[in-house]
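Written out below as structure tokens is the structure these notes cover.
Values in this document were obtained by computation on a predicted structure and should not be read as measured data. Numbers restart at 1 for each chain; the letters A, B, ... are given by sequence-line order, proteins then strands.
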2 protein chains.
Amino acid sequence: MLEFAILGLLHQSPMHGYELRKQLAQVLGGLRSISFGSLYPALKRMHAAGLIGTDEPDPHALLPADAPPLTGRRGKVVYAITAEGKERFHELVCQTGPEAYDDGGSFGVRLAFFGHTAADVRLRILEGRRRTVESQREGLRSSLARTRERVDRYTLELQRHGLESVDREVRWLSELIDHERREAQNGRPAQLGAPPE
Amino acid sequence: MLEFAILGLLHQSPMHGYELRKQLAQVLGGLRSISFGSLYPALKRMHAAGLIGTDEPDPHALLPADAPPLTGRRGKVVYAITAEGKERFHELVCQTGPEAYDDGGSFGVRLAFFGHTAADVRLRILEGRRRTVESQREGLRSSLARTRERVDRYTLELQRHGLESVDREVRWLSELIDHERREAQNGRPAQLGAPPE
DNA sequence: CCCCGATGTATCGAGACGATACATCGGGGT
DNA sequence: ACCCCGATGTATCGTCTCGATACATCGGGG
């Protein structure tokens, strides 16, 4: 999850941890971000696994006067994706199982990197997500029908708002799916199957 | 958080862990629940802290024939709130700081137990939550305005959907706040300050 | 009679989080 | 000239949560 997002961002350009976090917040839709307490251990793990490399400059290198345009980033650690990292990213990008659209933020990250994702994979993920949210909606509907009159006004209100939210998400996903389908018909003829690396 | 929810549920009646989890899911609005891997350690912590007690019956007690209405729950562990637990719950219920309405599910749990919450505390929590979500909305708005044309169609779509979601939440909160205000004017005259236990 | 699904309790490792501690830079105020 | 402050930047700690997994028992249907 975090791994996916880090690989995706470093796939575009090398970055500091700090910058990574900011980009992550943007890409995640502005709401949820990630804490440094998660980010740095993840970077350490991924570095140990060979997925990313560090451009660690000599911390004692004296900058000569010919480098004023540097915006303040001195001897800090720059991370870059490795060949193994790109390979891993492509593996992850091609996954279409429940881990790609279940709850817990994975869907948001997957969507954020749809630019790197094949059209048929995009469609499968969107449809899987829609199935997930639809089943949540049905559960919520029946729960609301059962508990109506039996619970707190506030609990009821919470459930009502939740139901409307998942309802909106289903409609949103349906729009995205329709758009994908239309695009698939217009331009490219079929484009089935992910390119075999 | 989990502690709050458990205390709130056990405040109503003693329960098994399993039942606790089901009730929790209902009270949380049907979507998010809690895993046993969180629940049982939490119960253990709270038991150690003296907030809850276990009604642990003798597992070798032979049930005589005069107890057929039992629905299958034999020698399992029933948890009940203690006096300290009730005290702690009332402390938590009276909190109106950011921990009561910041992200991370605490607001949902607080709302679920508004029945136990004084009217002025309810209002402060709803307003705090609205402020939080409003600032998220502003951040998202400016982010959208800045990054429009510079990012992926999918990222844009994600941000747009997120913005509409927080927008809807603000409107929902405003309705709840209006309702609280109207109710405060109609019935009770002031009702400031929590009833001192 | 046996198996299966619901009920029920419990633990493990992986990982995320908030708090916290550093250190450096640029700039604004006095 | 000085100093403080906020942004940038890296890192760790303890605590909590999660998903997976392993049990065991009950009632009911084949």
Side-chain angles (χ1 to χ4, degrees), chain A residues 1-6 14-25 28 32-49 52 54-57 59-63 67-79 97-99 102-106 108-109, chain B residues 1-6 14-25 28 31-49 52 54-57 59-63 67-79 97-99 102-106 109:
Chain A
M1 188 62 307
L2 225 190
E3 182 183 308
F4 186 102
I6 291 173
M15 246 178 272
H16 290 174
Y18 198 85
E19 177 73 10
L20 216 33
R21 190 178 116 104
K22 281 197 300 184
Q23 300 267 341
L24 212 43
L28 261 277
R32 86 181 62 214
S33 185
I34 213 66
S35 70
F36 290 120
S38 312
L39 180 59
Y40 285 110
L43 288 171
K44 192 181 285 189
R45 282 196 303 273
M46 292 165 69
H47 185 230
I52 59 178
T54 65
D55 229 39
E56 191 138 18
H60 298 294
L62 301 175
L63 298 185
L70 283 182
T71 58
R73 47 186 67 168
R74 298 149 318 293
K76 306 311 168 66
V77 188
V78 176
Y79 295 93
E99 69 278 4
D102 270 356
D103 289 300
S106 31
V109 178
Chain B
M1 188 63 306
L2 225 190
E3 182 182 308
F4 186 103
I6 291 173
M15 242 177 276
H16 289 175
Y18 198 85
E19 177 73 9
L20 217 33
R21 189 178 117 104
K22 281 196 301 184
Q23 299 267 342
L24 212 44
L28 261 276
L31 301 176
R32 86 181 62 215
S33 185
I34 213 68
S35 70
F36 289 120
S38 312
L39 180 58
Y40 285 111
L43 288 172
K44 192 181 286 188
R45 284 196 301 273
M46 292 167 68
H47 184 231
I52 59 179
T54 65
D55 228 41
E56 192 138 20
H60 297 295
L62 300 175
L63 298 186
L70 284 182
T71 58
R73 46 186 67 168
R74 299 147 319 291
K76 305 311 168 67
V77 188
V78 175
Y79 295 93
E99 69 278 4
D102 269 358
D103 288 301
S106 28
V109 178

Atom-pair distance (CD1 on B:Ile6; C1' on D:dT17), nearest Å: 12 Å

What is the distance from CE of A:Met46 to P of C:dA14, rounded to the nearest Å? 18 Å

Spacing between A:His16 atom NE2 and D:dA7 atom P, to the nearest angstrom: 19 Å

Are side-chain heavy atoms of A:His16 and A:Val77 found at a separation under 4.5 Å? no

Check whether any side-chain nitrogen or oxygen of B:Ser35 sits under 4.0 Å from OP1 or OP2 of D:dT17, and answer yes or no. no

Does B:Tyr18 have a side-chain nitrogen or oxygen under 4.0 Å from the phosphate oxygens OP1 or OP2 of C:dT7? yes

Could you tell me which nucleotide pairs with D:dC2 by Watson-Crick or G-U wobble geometry, both distances under 3.5 Å, or answer none if nothing does? C:dG29

Do B:Ile34 and B:Leu20 come close enough that some side-chain heavy atom pair is under 4.5 Å? no

Distance in Å, B:Lys44 NZ paired with B:Thr54 OG1, rounded so as to fall on 0.5 Å steps: 12.5 Å

What is the distance, rounded to the nearest whole Å, between atom CZ of B:Phe36 and atom P of D:dT17? 15 Å

Figure out the CD/P separation between B:Gln23 and C:dT7, and round it to whole Å. 13 Å

Describe the nucleic acid contact of B:Gly37 in one word from base, sugar-phosphate, nothing, applying a heavy-atom distance below 4.0 Å. base

To the nearest 0.5 Å, what is the distance between CE on A:Met15 and NZ on A:Lys22? 10.5 Å

Any A:Tyr40 side-chain N or O less than 4.0 Å from OP1/OP2 of D:dT10: yes

In whole angstroms, the gap separating P of C:dG15 from CD of A:Glu3 amounts to 9 Å

Whole angstrom is fine here: how far is it from CG in B:Leu39 over to C1' in C:dT9? 10 Å

Check whether any side-chain nitrogen or oxygen of B:Lys44 sits under 4.0 Å from OP1 or OP2 of C:dT11, and answer yes or no. yes

Checking base pairs now: Watson-Crick or wobble, both atom distances under 3.5 Å. What partners D:dG28? C:dC3

Side-chain N,O (A:Ser38) to OP1/OP2 (C:dC17) below 4.0 Å: yes

Could you tell me the separation between the CG atom of B:Leu2 and the C1' atom of D:dT17, rounded to a whole number of Å? 9 Å

Considering Watson-Crick and G-U wobble pairs with both distances under 3.5 Å, what does C:dA21 pair with? D:dT10

Would one find a side-chain N or O of A:Arg45 under 4.0 angstrom from OP1 or OP2 of C:dA16? yes

All heavy atoms of B:Ser35 vs all of B:Arg21, minimum pair found to be CA-NH1, 3.6 Å

